[in-house]
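Notes to accompany the following structure.
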Amino acid sequence: LGNLKVVGETADVSVTPNQQLDTATFYDKPYAFEIKKNKKREVKANILKVSLISKTIRAEGDTQSIVFDGQIPIVVINADMQEYDSKTGIMEADGTVTIQYKEIETYSNHATIKTDKNGDLKHLVLTGNARIKEKNNEAFADKFVYDPTQELVTATGNTTTKSLSDDGSKLVLKSHYQEYYRKRNTFNASGNVNVWYQDYYAVGPKITLFPDKVTGKPNEIYFTGRSSITQGVRTIYADKIKMTIKPKDFEATGNTRTVIRNLGNNTDNNGMSLGL
(Lines give C-alpha, C1' and ligand atoms only; values in the text may rest on other atoms or scores of the structure.)
Protein backbone atom coordinates (compact mmCIF):
# COMPACT_ATOMS: atom_id res chain seq x y z
CA LEU A 1 0.00 0.00 0.00
CA GLY A 2 2.24 2.82 -1.27
CA ASN A 3 5.41 2.62 0.85
CA LEU A 4 3.60 0.55 3.49
CA LYS A 5 3.92 -3.24 3.51
CA VAL A 6 1.97 -5.56 5.82
CA VAL A 7 2.95 -9.18 6.47
CA GLY A 8 0.89 -11.78 8.33
CA GLU A 9 -0.04 -15.46 8.47
CA THR A 10 -3.77 -14.99 7.75
CA ALA A 11 -5.94 -12.13 6.49
CA ASP A 12 -9.33 -11.28 5.11
CA VAL A 13 -10.43 -8.36 2.97
CA SER A 14 -13.83 -6.64 3.05
CA VAL A 15 -15.34 -4.86 0.06
CA THR A 16 -17.66 -1.90 -0.33
CA PRO A 17 -21.12 -2.15 -1.94
CA ASN A 18 -19.42 -0.91 -5.11
CA GLN A 19 -17.07 -3.91 -4.96
CA GLN A 20 -14.06 -1.81 -4.02
CA LEU A 21 -11.46 -3.32 -1.73
CA ASP A 22 -12.05 -1.73 1.67
CA THR A 23 -10.23 -3.10 4.75
CA ALA A 24 -7.63 -5.84 4.99
CA THR A 25 -7.51 -7.45 8.44
CA PHE A 26 -4.39 -9.39 9.39
CA TYR A 27 -4.40 -11.85 12.31
CA ASP A 28 -1.92 -13.86 14.39
CA LYS A 29 0.60 -11.15 15.28
CA PRO A 30 1.29 -9.52 11.90
CA TYR A 31 3.63 -6.62 11.33
CA ALA A 32 3.83 -3.67 8.98
CA PHE A 33 6.71 -1.48 7.90
CA GLU A 34 7.33 1.66 5.90
CA ILE A 35 10.68 2.95 4.64
CA LYS A 36 11.30 6.60 3.78
CA LYS A 37 14.89 7.53 2.96
CA ASN A 38 16.93 6.33 5.95
CA LYS A 39 13.91 6.13 8.29
CA LYS A 40 11.99 2.92 8.84
CA ARG A 41 8.69 2.70 10.73
CA GLU A 42 7.65 -0.71 12.01
CA VAL A 43 4.35 -1.69 13.67
CA LYS A 44 3.57 -4.96 15.46
CA ALA A 45 0.28 -6.06 17.05
CA ASN A 46 -2.09 -8.97 17.58
CA ILE A 47 -4.31 -7.63 14.79
CA LEU A 48 -3.66 -5.09 12.04
CA LYS A 49 -6.48 -3.46 10.09
CA VAL A 50 -5.41 -1.70 6.90
CA SER A 51 -7.84 0.64 5.16
CA LEU A 52 -7.14 0.46 1.45
CA ILE A 53 -9.31 3.54 0.90
CA SER A 54 -8.18 5.99 3.61
CA LYS A 55 -4.60 4.62 3.71
CA THR A 56 -4.68 4.15 7.49
CA ILE A 57 -3.44 1.24 9.56
CA ARG A 58 -4.94 0.34 12.93
CA ALA A 59 -3.04 -1.89 15.35
CA GLU A 60 -4.92 -3.62 18.17
CA GLY A 61 -3.62 -5.62 21.13
CA ASP A 62 -0.05 -5.43 22.50
CA THR A 63 0.89 -2.87 19.88
CA GLN A 64 4.41 -1.59 19.37
CA SER A 65 5.71 0.96 16.87
CA ILE A 66 9.39 1.62 16.31
CA VAL A 67 11.01 4.32 14.17
CA PHE A 68 14.56 3.50 13.10
CA ASP A 69 17.21 5.91 11.89
CA GLY A 70 19.33 3.49 9.93
CA GLN A 71 19.68 0.58 12.35
CA ILE A 72 19.16 2.69 15.49
CA PRO A 73 15.68 2.83 17.11
CA ILE A 74 14.94 6.48 17.95
CA VAL A 75 11.25 6.21 18.94
CA VAL A 76 9.51 3.23 20.55
CA ILE A 77 5.75 3.43 21.22
CA ASN A 78 3.75 0.82 23.14
CA ALA A 79 -0.04 1.02 23.61
CA ASP A 80 -3.25 -0.99 23.63
CA MET A 81 -4.22 0.55 20.28
CA GLN A 82 -2.44 2.62 17.65
CA GLU A 83 -3.78 4.10 14.43
CA TYR A 84 -1.47 5.59 11.82
CA ASP A 85 -2.50 7.73 8.86
CA SER A 86 0.13 7.28 6.16
CA LYS A 87 -1.08 10.37 4.29
CA THR A 88 -0.82 12.85 7.19
CA GLY A 89 1.93 11.14 9.21
CA ILE A 90 -0.24 11.36 12.36
CA MET A 91 -0.51 8.50 14.81
CA GLU A 92 -3.09 8.24 17.60
CA ALA A 93 -2.31 5.87 20.48
CA ASP A 94 -4.70 4.85 23.26
CA GLY A 95 -4.56 2.86 26.47
CA THR A 96 -1.41 2.66 28.65
CA VAL A 97 0.73 4.55 26.16
CA THR A 98 4.50 4.53 26.74
CA ILE A 99 7.01 6.29 24.51
CA GLN A 100 10.80 6.11 24.54
CA TYR A 101 12.35 9.00 22.58
CA LYS A 102 16.11 9.41 22.95
CA GLU A 103 16.57 10.01 26.71
CA ILE A 104 12.90 10.83 27.32
CA GLU A 105 10.32 8.34 28.63
CA THR A 106 6.62 9.23 28.60
CA TYR A 107 3.47 7.63 30.02
CA SER A 108 -0.14 8.65 29.30
CA ASN A 109 -3.64 7.45 28.52
CA HIS A 110 -3.52 8.94 25.02
CA ALA A 111 -0.87 10.28 22.66
CA THR A 112 -0.88 12.06 19.31
CA ILE A 113 2.37 11.76 17.39
CA LYS A 114 3.07 13.64 14.18
CA THR A 115 6.01 12.95 11.87
CA ASP A 116 7.17 14.65 8.69
CA LYS A 117 7.61 13.04 5.25
CA ASN A 118 11.04 11.73 6.28
CA GLY A 119 9.69 10.10 9.43
CA ASP A 120 11.18 12.67 11.84
CA LEU A 121 9.16 13.58 14.94
CA LYS A 122 7.47 16.98 14.54
CA HIS A 123 4.88 17.17 17.32
CA LEU A 124 3.85 15.14 20.37
CA VAL A 125 0.79 15.57 22.61
CA LEU A 126 0.21 13.50 25.76
CA THR A 127 -3.11 13.60 27.64
CA GLY A 128 -4.61 11.81 30.63
CA ASN A 129 -2.43 10.99 33.68
CA ALA A 130 0.59 12.07 31.66
CA ARG A 131 4.14 11.73 32.91
CA ILE A 132 7.55 12.54 31.40
CA LYS A 133 10.82 11.25 32.81
CA GLU A 134 14.35 12.25 31.82
CA LYS A 135 17.34 11.21 33.91
CA ASN A 136 16.73 12.62 37.43
CA ASN A 137 13.80 14.82 36.35
CA GLU A 138 10.16 13.76 36.34
CA ALA A 139 7.04 15.77 35.46
CA PHE A 140 3.31 15.10 35.80
CA ALA A 141 0.41 16.96 34.14
CA ASP A 142 -3.01 16.60 32.58
CA LYS A 143 -1.46 17.49 29.21
CA PHE A 144 2.01 17.75 27.71
CA VAL A 145 2.93 19.23 24.33
CA TYR A 146 6.43 18.64 22.96
CA ASP A 147 7.84 20.53 19.97
CA PRO A 148 11.18 18.90 19.05
CA THR A 149 12.08 21.61 16.52
CA GLN A 150 12.16 24.21 19.31
CA GLU A 151 12.96 21.60 21.99
CA LEU A 152 10.09 23.03 24.03
CA VAL A 153 7.92 21.09 26.48
CA THR A 154 4.75 22.70 27.86
CA ALA A 155 2.60 21.24 30.64
CA THR A 156 -0.90 22.30 31.67
CA GLY A 157 -3.29 21.17 34.40
CA ASN A 158 -2.12 19.93 37.82
CA THR A 159 1.52 20.18 36.80
CA THR A 160 4.23 18.85 39.09
CA THR A 161 7.96 18.63 38.41
CA LYS A 162 10.45 16.75 40.59
CA SER A 163 14.21 17.05 40.24
CA LEU A 164 16.71 14.98 42.21
CA SER A 165 20.14 16.44 42.98
CA ASP A 166 23.39 14.50 43.41
CA ASP A 167 23.14 14.55 47.21
CA GLY A 168 19.64 13.06 47.10
CA SER A 169 17.77 16.31 47.84
CA LYS A 170 14.52 16.70 45.95
CA LEU A 171 13.24 19.92 44.37
CA VAL A 172 9.46 19.87 43.83
CA LEU A 173 7.51 22.47 41.83
CA LYS A 174 3.73 22.61 41.47
CA SER A 175 1.76 25.11 39.37
CA HIS A 176 -0.99 25.50 36.78
CA TYR A 177 1.40 25.88 33.82
CA GLN A 178 5.01 24.94 33.17
CA GLU A 179 7.37 25.10 30.21
CA TYR A 180 10.89 23.84 29.67
CA TYR A 181 13.27 25.03 26.93
CA ARG A 182 15.81 22.25 26.43
CA LYS A 183 18.09 24.31 24.16
CA ARG A 184 18.46 27.08 26.75
CA ASN A 185 17.98 24.73 29.69
CA THR A 186 15.54 27.16 31.33
CA PHE A 187 12.27 26.45 33.07
CA ASN A 188 9.22 28.71 33.60
CA ALA A 189 6.14 28.13 35.73
CA SER A 190 3.09 30.29 36.42
CA GLY A 191 -0.21 30.14 38.23
CA ASN A 192 -0.05 29.50 42.00
CA VAL A 193 3.54 28.24 41.94
CA ASN A 194 4.63 26.19 44.96
CA VAL A 195 8.27 25.15 45.50
CA TRP A 196 9.67 22.77 48.10
CA TYR A 197 13.39 22.24 48.70
CA GLN A 198 14.69 20.78 51.95
CA ASP A 199 13.32 23.15 54.66
CA TYR A 200 12.34 25.88 52.15
CA TYR A 201 8.75 26.35 51.04
CA ALA A 202 8.09 29.20 48.60
CA VAL A 203 4.92 30.46 46.90
CA GLY A 204 4.47 32.97 44.10
CA PRO A 205 2.60 33.76 40.87
CA LYS A 206 5.54 33.09 38.53
CA ILE A 207 9.07 31.66 38.56
CA THR A 208 12.00 31.26 36.19
CA LEU A 209 14.60 28.60 36.94
CA PHE A 210 18.14 28.78 35.59
CA PRO A 211 20.79 26.04 35.68
CA ASP A 212 24.27 26.16 37.14
CA LYS A 213 26.70 27.30 34.41
CA VAL A 214 29.12 24.48 35.21
CA THR A 215 26.93 21.48 36.04
CA GLY A 216 23.87 22.47 33.96
CA LYS A 217 21.56 21.40 36.79
CA PRO A 218 18.74 23.57 38.27
CA ASN A 219 20.25 26.07 40.67
CA GLU A 220 18.69 29.57 40.73
CA ILE A 221 14.93 30.17 41.04
CA TYR A 222 13.59 33.69 40.55
CA PHE A 223 10.10 34.53 41.87
CA THR A 224 8.38 37.56 40.36
CA GLY A 225 5.23 39.14 41.72
CA ARG A 226 4.27 39.16 45.37
CA SER A 227 5.83 35.97 46.76
CA SER A 228 6.77 34.38 50.05
CA ILE A 229 9.35 31.95 51.36
CA THR A 230 9.12 30.02 54.61
CA GLN A 231 11.92 28.42 56.58
CA GLY A 232 11.06 27.04 59.99
CA VAL A 233 9.12 29.65 61.99
CA ARG A 234 10.06 32.49 59.62
CA THR A 235 8.12 33.62 56.55
CA ILE A 236 9.37 36.45 54.35
CA TYR A 237 7.12 38.26 51.86
CA ALA A 238 8.62 40.28 48.99
CA ASP A 239 8.06 41.48 45.42
CA LYS A 240 11.02 39.42 44.24
CA ILE A 241 12.73 36.38 45.72
CA LYS A 242 15.84 34.62 44.50
CA MET A 243 16.31 31.07 45.81
CA THR A 244 19.67 29.35 45.30
CA ILE A 245 20.01 25.58 45.53
CA LYS A 246 23.80 25.39 45.82
CA PRO A 247 24.99 27.03 47.98
CA LYS A 248 21.56 26.93 49.66
CA ASP A 249 20.39 30.49 50.23
CA PHE A 250 17.71 33.03 49.33
CA GLU A 251 17.39 36.80 48.88
CA ALA A 252 14.17 38.81 49.11
CA THR A 253 13.81 42.36 47.74
CA GLY A 254 11.00 44.90 47.28
CA ASN A 255 8.51 45.71 50.07
CA THR A 256 9.86 42.91 52.25
CA ARG A 257 8.00 41.81 55.35
CA THR A 258 9.08 39.14 57.84
CA VAL A 259 6.72 37.17 60.06
CA ILE A 260 8.08 34.98 62.87
CA ARG A 261 5.67 32.56 64.53
CA ASN A 262 5.56 30.67 67.83
CA LEU A 263 8.28 32.54 69.69
CA GLY A 264 6.70 32.21 73.08
CA ASN A 265 3.54 32.67 75.12
CA ASN A 266 2.80 36.23 74.04
CA THR A 267 1.10 35.25 70.79
CA ASP A 268 -2.15 36.27 69.17
CA ASN A 269 -4.88 33.94 67.97
CA ASN A 270 -2.86 33.01 64.89
CA GLY A 271 0.20 32.03 66.86
CA MET A 272 2.02 35.09 65.52
CA SER A 273 4.25 37.01 67.87
CA LEU A 274 6.32 39.27 65.64
CA GLY A 275 5.63 40.86 62.29
CA LEU A 276 8.05 43.21 60.56
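What you see below is based on every heavy atom in this structure, not just the backbone, and it leaves out hydrogens, waters and symmetry mates.
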Taking atom types as modelled and ignoring hydrogens, do the side chains of T235 and R261 form a donor-acceptor contact shorter than 3.5 angstrom?
yes
When rounded to the nearest 0.5 angstrom, what distance separates CZ in F210 from OG1 in T186?
6.5 Å
On a heavy-atom basis, which atom in A252 and which in I236 lie closest, and how many Å separate them?
CB-CG2, 3.7 Å
Tabulate below the donor-acceptor pairs under 3.5 Å that side-chain atoms of residues 18-32 make, not counting sequence neighbours, or state none.
{"from": "Y27", "atom 1": "OH", "to": "D12", "atom 2": "OD2", "distance (Å)": "2.8"}
{"from": "D28", "atom 1": "OD2", "to": "T10", "atom 2": "OG1", "distance (Å)": "3.1"}
{"from": "K29", "atom 1": "NZ", "to": "N46", "atom 2": "OD1", "distance (Å)": "2.9"}

Should Q198 and S169 be marked as a side chain to side chain donor-acceptor pair (under 3.5 Å) after you check the CA-CA gap, both sets of side-chain angles, and the distance that decides it?
CA-CA 7 Å; Q198 294 184 0; S169 299; 2.9 Å; yes
Determine whether more than 12 heavy atoms belonging to other residues, nucleotides or ligands lie under 6.0 Å from atom NZ of K248.
yes
Side-chain (S227) to main-chain (G225) donor-acceptor, under 3.5 angstrom:
yes
Would V76 and M81 show up in the same hydrophobic cluster when neighbours are defined by side-chain heavy atoms closer than 4.5 Å?
no
Close side-chain approach of V43 to L48, heavy-atom, < 4.5 Å
yes
Between the OG1 atom in T253 and the CG atom in D239, the distance rounded to the nearest 0.5 Å is 7.5 Å
Are V6 and M91 connected, step by step, through hydrophobic side chains (Ile, Leu, Val, Met, Phe, Trp, Tyr) whose heavy atoms are closer than 4.5 Å?
yes
NZ/K242 to CD1/I207 distance, rounded to the nearest 0.5 angstrom?
14.5 Å
For residues L173 and W196, determine if any side-chain heavy atom of one lies less than 4.5 Å from a side-chain heavy atom of the other.
no
Check the hydrophobic clustering (I, L, V, M, F, W, Y; side-chain heavy atoms under 4.5 Å; chains of links allowed) and say if I132 and I74 are grouped together.
yes
Minimum heavy-atom separation for A130 to L126, with atom names?
CB-CB, 4.0 Å
Close side-chain approach of L209 to E220, heavy-atom, < 4.5 Å:
no
I'd like to know if the side chain of N188 pairs up with that of Y177 as donor and acceptor (distance under 3.5 Å, no hydrogens or angles considered).
no
Any chance you could lay out the side chain to side chain donor-acceptor pair (under 3.5 Å) test for T161 and E138, step after step, and finish with the verdict?
CA-CA 6 Å; T161 296; E138 194 170 22; over 6 Å; no
Kindly indicate whether the side chain of T16, heavy atoms from C-beta on, has any atom under 4.5 Å from the side chain of I53.
yes
Name all residues meeting the salt bridge (charged side-chain N to carboxylate O under 4.0 Å, His left out) criterion together with K174; count only those two or more places apart in sequence or in a different chain, and write none if there are none.
none
Tell me, do I221 and L171 make a side-chain contact under 4.5 Å, heavy atoms counted?
yes
Taking all atoms of both residues into account, what is the closest heavy-atom pair of A45 and T63, and its distance?
CB-CG2, 3.8 Å
Tell me the closest heavy-atom pair linking A189 and Q178, and the distance in Å.
CB-CG, 3.9 Å
Within the structure provided, determine whether K40 and E34 are in side-chain contact (heavy-atom separation under 4.5 Å).
no
Take the angle between the ring planes of F187 and Y180 and call it parallel below 30°, perpendicular above 60°, tilted in between.
tilted
Interatomic spacing from OG1 in T154 to OH in Y146 - rounded to 0.5 Å:
12.0 Å
Donor + acceptor pair across side chains of S163, N137 (<3.5 Å):
yes
Closest approach of Q82 and A93, non-hydrogen atoms and distance?
CG-CB, 4.0 Å
As an exercise, state the distance from OG1 of T244 to CG of N219, rounded to the nearest 0.5 Å.
6.5 Å
Report the C-alpha separation of L4 and I57 in whole Å, then their side-chain angles, then the decisive distance to 0.1 Å, and conclude whether the side-chain contact (heavy atoms from CB on, under 4.5 Å) test is met.
CA-CA 9 Å; L4 182 68; I57 179 168; 4.3 Å; yes
With a 4.5 Å cut-off on side-chain heavy atoms, are V153 and F144 touching?
yes
Please check if the side chain of T115 supplies one atom and the backbone of G89 the other of a donor-acceptor pair under 3.5 Å.
yes
Honestly, is K170 close enough over Y197, meaning NZ or CZ under 6.0 Å from the six-membered ring centre and within 45° of the axis?
no
Apply side chain to side chain donor-acceptor pair (under 3.5 Å) to residues T159 and S175 and explain how you reach the verdict.
CA-CA 6 Å; T159 64; S175 62; 3.2 Å; yes
Assigning hydrophobic clusters by single linkage (Ile, Leu, Val, Met, Phe, Trp, Tyr; side-chain heavy-atom cutoff under 4.5 Å), is Y201 placed with V172?
yes
Taking F250 as the starting point, is it possible to reach V193 by hopping between hydrophobic residues whose side chains are less than 4.5 Å apart?
yes
As an exercise, state the distance from CG of N158 to NE2 of H176, rounded to the nearest 0.5 Å.
9.0 Å
Exercise: identify the closest heavy-atom pair between P73 and I66
CB-CG2, 3.8 Å
Applying salt bridge (charged side-chain N to carboxylate O under 4.0 Å, His left out), name anything that partners D62, two or more places apart in sequence or on another chain.
none
Test side chain to side chain contact (heavy atoms under 4.5 Å, CB included) applied to F223 and M243, K206, K240, the passing residue
M243
Partners meeting salt bridge (charged side-chain N to carboxylate O under 4.0 Å, His left out) with E251 (sequence neighbours left out)
none
All side chain to side chain donor-acceptor pair (under 3.5 Å) counterparts of R184, not counting sequence neighbours
none
Pairs of donor and acceptor atoms involving the side chains of residues 95-105, under 3.5 Å and at least two apart or interchain, shall be tabulated with distances.
{"from": "Q100", "atom 1": "NE2", "to": "K102", "atom 2": "O", "distance (Å)": "3.0"}
{"from": "E105", "atom 1": "OE1", "to": "Y107", "atom 2": "OH", "distance (Å)": "2.8"}

Please tell me whether E92 and T112 have a donor and an acceptor in their side chains that are separated by less than 3.5 angstrom.
yes
Would D85 and K114 pass as an ion pair if we require N to O under 4.0 Å?
no
Distance to the ring centre below 6.0 angstrom and angle to the axis at most 45 degrees; does that hold for R41 and F33?
no
Using a 4.5 Å cut-off on heavy atoms from C-beta on, say whether the side chain of D69 contacts that of K39.
yes
